[in-house]
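Each remark here refers to the structure printed beneath this line.
Keep in mind that this is a model prediction, so the values were computed, not measured. We use all heavy atoms of the structure for the numbers below, so side chains are in, but hydrogens, waters and symmetry mates are not.
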Amino acid sequence: FLVGGGGSGAGNGGNYTASGGGGGGVLYQTNVAVASSVAYNLTVGAGGIGIWGDLFNGRLGNSGGYSQFQNYYAGGGAAGRYGQGGSAGAAGTQNPGTGNHGASPGGGGGAAATSNLNGGNGYTSDITGTSTVYGGGGSGMNGNPGTGGGGSYVSIGTAGAGTNGLGGGGAAPGYNQGMGGSGGCGVVIIRQLASYSQATTTGSPNIILTGIYRIYQWSSAGTYSITF
């Protein structure tokens, strides 16, 4: 399975360089044991909301929410401070919360860190049968988004949002009164051998048969369950 946290919303830099939001953390695990006829809860983290700034004062965007399956978690991305890039969420077997707010100017962090105005690239996985990047950082002011759903910078108005289902970070706005982009919600993807019976699920996941596997994918924020 793969769990990806929600991306962070971006803040506004005021008279400083605005920064992109961090992408959600990503955790991939294989050969995890489950019991039959037991309902397992899972959570898809929401993306953080971008923040409108004022003429002089920078404001911090909202961090993304964590995603979870069993006792495995992927934290939400952290918001970028004005002049400082946000970082990707952490991942592990305990709830890690969100990533740090970051000390490097510019783009939001993905799985690959960044120290410039570009968002960091996310984590690549082919768990669905198609190679996909999750948890890219949003672009900083005048920068480019990270691969993996990071939002794109705009000079006037509302900056680009991170992509839902990928946990991308929101992008930075221009100076002063622009609106930071919101983060994209996270994802939970579970893969089982297709030779087993189809599981019972809540939340209407996208179910895909590919080769010898059956894939269950939740890409909307909320709490759901799966029973094998």
* Using the side chain to side chain contact (heavy atoms under 4.5 Å, CB included) rule, take Val3 and Tyr134 through it: C-alpha gap first, then chi angles, then the decisive distance, then the call. => CA-CA 10 Å; Val3 291; Tyr134 303 90; over 6 Å; no
Residue pair [X] / [Y]: nearest heavy atoms and the distance that separates them:
X      : Y      : answer
Ser8   : Ser63  : OG-CA, 4.0 Å
Gly165 : Val187 : O-CB, 3.3 Å
Ser139 : Ser152 : OG-C, 3.4 Å
Cys185 : Ala221 : SG-N, 4.1 Å
Gly151 : Pro145 : O-CB, 3.2 Å
Ala171 : Ala159 : O-CB, 3.2 Å

Is [X] reaching over with its side chain to a backbone N or O of [Y], donor-acceptor style, under 3.5 angstrom?
X      : Y      : result
Thr132 : Thr130 : yes
Asn62  : Gly48  : no
Thr158 : Met179 : no
Asn121 : Thr147 : yes

* For Phe1, enumerate each residue passing the ring pair (Phe, Tyr, Trp, His ring centres under 6.0 Å) test, keeping only those at least two apart in sequence or located in another chain. =>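 Only Phe69, Tyr72 meet the ring pair (Phe, Tyr, Trp, His ring centres under 6.0 Å) criterion with Phe1.
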* Asked: For atom CG of Leu193, is the number of surrounding heavy atoms from other residues, nucleotides or ligands below 6.0 Å larger than 12?
  ->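 More than 12 heavy atoms, drawn from other residues, nucleotides or ligands, come within 6.0 Å of this atom.
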* Go through the steps for Gln70 and Val32 under the test side chain to side chain contact (heavy atoms under 4.5 Å, CB included), then give the verdict. => CA-CA 10 Å; Gln70 292 189 342; Val32 175; 3.2 Å; yes
* To do: For the pair Ile226 and Ile190, evaluate side chain to side chain contact (heavy atoms under 4.5 Å, CB included) and give the outcome as yes or no after the intermediate values.
  => CA-CA 9 Å; Ile226 183 168; Ile190 297 172; 4.0 Å; yes
* **Value rounded to 0.5 Å, distance of OG in Ser125 from CZ in Arg191** =>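 Between Ser125 OG and Arg191 CZ, I get 7.5 Å after rounding to 0.5 Å.
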* To do: Kindly compute the distance separating CG (Leu27) from OG (Ser67), expressed to the nearest 0.5 Å.
  =>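 Atom-to-atom, Leu27:CG and Ser67:OG are 10.5 Å apart.
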Listing, residues 196-209 side-chain donor-acceptor contacts under 3.5 Å, not counting sequence neighbours, or none:
residue : atom : partner : partner atom : Å
Thr202  : OG1  : Ser225  : N            : 2.8
Thr202  : OG1  : Ser225  : OG           : 3.4

* To do: Indicate if Val26 and Ile127 have the same hydrophobic cluster label, given that clusters are the connected sets of ILVMFWY residues with side-chain heavy-atom separations under 4.5 angstrom.
  =>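 Looking at the clustering, Ile127 is in the same group as Val26.
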* Hey, quick one: are Tyr123 and Val133 part of the same hydrophobic cluster, counting side-chain heavy atoms closer than 4.5 Å, chains of contacts allowed? ->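 Looking at the clustering, Val133 is in a separate group from Tyr123.
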* Asked: Asn144 and Tyr153: side chain to side chain contact (heavy atoms under 4.5 Å, CB included), yes or no, with the steps?
  -> CA-CA 7 Å; Asn144 297 310; Tyr153 163 76; over 6 Å; no
Let me check something: any side-chain donor-acceptor pairs from residues 33-45 under 3.5 Å, sequence neighbours excluded? List them with distances.
residue : atom : partner : partner atom : Å
Tyr40   : OH   : Ala35   : N            : 2.7
Thr43   : OG1  : Gln68   : OE1          : 3.2

* **Check against ring-ring contact (aromatic ring centres under 6.0 Å, His included), Tyr73 and Tyr66** => CA-CA 7 Å; Tyr73 293 82; Tyr66 72 84; 5.4 Å; yes
